[in-house]
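Worth saying up front: this structure is predicted, and the values here are computed from it rather than measured.
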Number of protein chains: 2
Amino acid sequence: MTPSEVKLPAFERPTLVREGVYQHLRGAILGGEFSPGERLGEVELSARLGVSRTPVREAMMRLTQDGLIDTEANKGMRVRQLALPEITETYVVREELDGLAAALAAEHHTASDAAALRSALAQLDAASPSADQSNNYREQTLLDLAFHRRVVEAAHNAVLLSLCRDLEVRVALIKHQTRTFNAYLHTHDQHAAILEAVLSRDAEGARRAARHHVRTFGALVLADLAAAPAHAAHTGETA
Amino acid sequence: MTPSEVKLPAFERPTLVREGVYQHLRGAILGGEFSPGERLGEVELSARLGVSRTPVREAMMRLTQDGLIDTEANKGMRVRQLALPEITETYVVREELDGLAAALAAEHHTASDAAALRSALAQLDAASPSADQSNNYREQTLLDLAFHRRVVEAAHNAVLLSLCRDLEVRVALIKHQTRTFNAYLHTHDQHAAILEAVLSRDAEGARRAARHHVRTFGALVLADLAAAPAHAAHTGETA
DNA sequence: GCTGACTCGATTGTATACAATATCCACATG
DNA sequence: CATGTGGATATTGTATACAATCGAGTCAGC
């Protein structure tokens with residue numbers, strides 16, 4: 001027995017086809033490669049991915065359950081488009097849950113969590129400062145989500161992680177619906193505040209910081225939507 | 001246009017087969033008709049329900065995503081069994097979310113919500129008082145979940161409802177794993193306290209009451225599990 | 001000219017056939 | 001006698017075939 005490698009990454013098996021399709025589509029939607037409301041045909045996807053309809057259907061079933069796509073019986077599936085009320089609701093819930101996550105992270109984070117958090121924030125900062133906005137928008141979005149995910153992971157609560165994963169999906173969809181709105185405003189300071197409170201094991205401070213961040217950000221998004229409520233179809237990259 | 005019926009119940013169509021299978025299995029698992037850990041074969045279920053494997057597979061895919069069953073590649077699916085850490089985590093998160101739900105319900109509930117809440121509590125009380133314990137255990141469990149669900153619905157936040165639905169699954173599974181532990185202790189008073197605070201639109205009071213209820217109940221469940229941690233297979237109705 | 005029903009095309013829903021993988025038991029071997 | 005290997009069996013994973021449903025375009029009727 002070679003105990004040298006304490007955690008070998010589980011030897012990723014020749015993963016199931018449906019799993020591959022699921023991951024691929026999920027990433028594509030979260031990455032914004034499909035416009036909200038865009039129709040997804042089974043046959044087209046099957047052909048594009050070179051597999052049969054079966055695993056595609058099963059993957060889309062999961063995505064529906066995840067809330068990434070809407071399914072209407074006999075009418076196919078399309079990328080989910082969130083209405084304004086649901087966006088408001090998302091931020092209400094997220095404030096509570098991210099607050100809890102930050103508080104728990106402050107209490108339970110390990111040394112490796114701390115390192116991961118610092119790294120995630122550094123990556124986010126590296127992508128944000130003043131680089132071309134439109135180009136790395138997707139990257140920023142993903143890195144932002146990754147940082148928040150790290151916080152939740154540091155809480156060491158699998159149930160919370162699972163729920164936050166659901167919210168993450170909605171946040172990602174929202175961000176793509178408000179693409180015109182550029183993200184990195186004063187988020188850096190807020191992220192840093194969360195990180196600092198977590199690292200110093202100040203649970204209530206972390207909770208406050210996280211809640212404040214979500215509230216601020218949510219308000220900005222909602223303001224943006226109120227200003228231009230008819231985003232509708234964001235097919236191309238508008239100037 | 002016949003505006004007389006404001007909300008006709010959507011005329012439940014000759015529902016999709018996979019939907020029927022999903023509802024059936026979900027109800028069966030939540031109702032405790034399958035023992036935790038029990039194996040569910042596709043062919044057996046297909047035969048029993050008189051449909052092909054396809055809709056069964058798709059339903060089980062959704063159930064897996066819901067967290068009701070575990071799936072291992074090429075090894076089939078079995079009813080999920082929660083480990084103690086996850087049970088602890090569930091109550092931590094539920095305290096936060098049920099608290100939020102109660103607070104929002106206090107702020108946003110309508111007259112019909114109020115009626116539904118009162119009715120739900122009355123039903124629960126009718127089933128609980130001192131009736132035979134083991135006989136209507138399932139009914140009590142379902143009614144208890146229904147009351148809490150009503151509170152969440154009264155909050156009028158679809159995102160929160162969706163997340164609480166996930167938690168509800170876990171709570172139901174936990175209740176079945178701790179079947180020996182009988183439920184209706186002083187829960188009535190706590191339920192009544194939540195209801196009263198909600199109806200009097202006391203948001204923070206409702207939050208406190210809900211959190212207190214979850215904390216109390218969670219502690220009891222955990223104590224029960226600590227006393228008899230090896231529940232393992234609860235196949236028959238033990239005496 | 002407009003409204004309504006009908007038919008055709010396309011797409012999804014379900015069932016079944018085929019392939020791949022895992023589990024179990026027998027058997028040979030040390 | 002224990003252990004490892006081999007094959008048989010059963011179950012899941014994927015592909016395809018068939019049925020049902022939906023949408024659009026068209027033509028008849030008013």
Ignoring hydrogens and angles, state whether a donor on the side chain of A:His156 or A:Asp113 is under 3.5 Å from an acceptor on the partner side chain. yes
So if I define the base as every atom that isn't primed, P, OP1 or OP2, how would nucleotides 11-19 of chain D read as a B/S/- string at a heavy-atom cutoff under 4.0 Å? SBBBBBB--
Answer yes or no: is there an ion pair linking B:Arg150 with B:Glu153, defined by an N-O contact shorter than 4.0 Å? yes
Going by atom types alone, do A:Tyr91 and A:Asp98 pair a side-chain donor with an acceptor below 3.5 Å? no
Expected output: side-chain A:Asn157 to main-chain A:Val159 donor-acceptor under 3.5 Å: yes
Has the side chain of A:Arg78 got a donor or acceptor atom that lies under 3.5 Å from a matching backbone atom of A:Gly37? yes
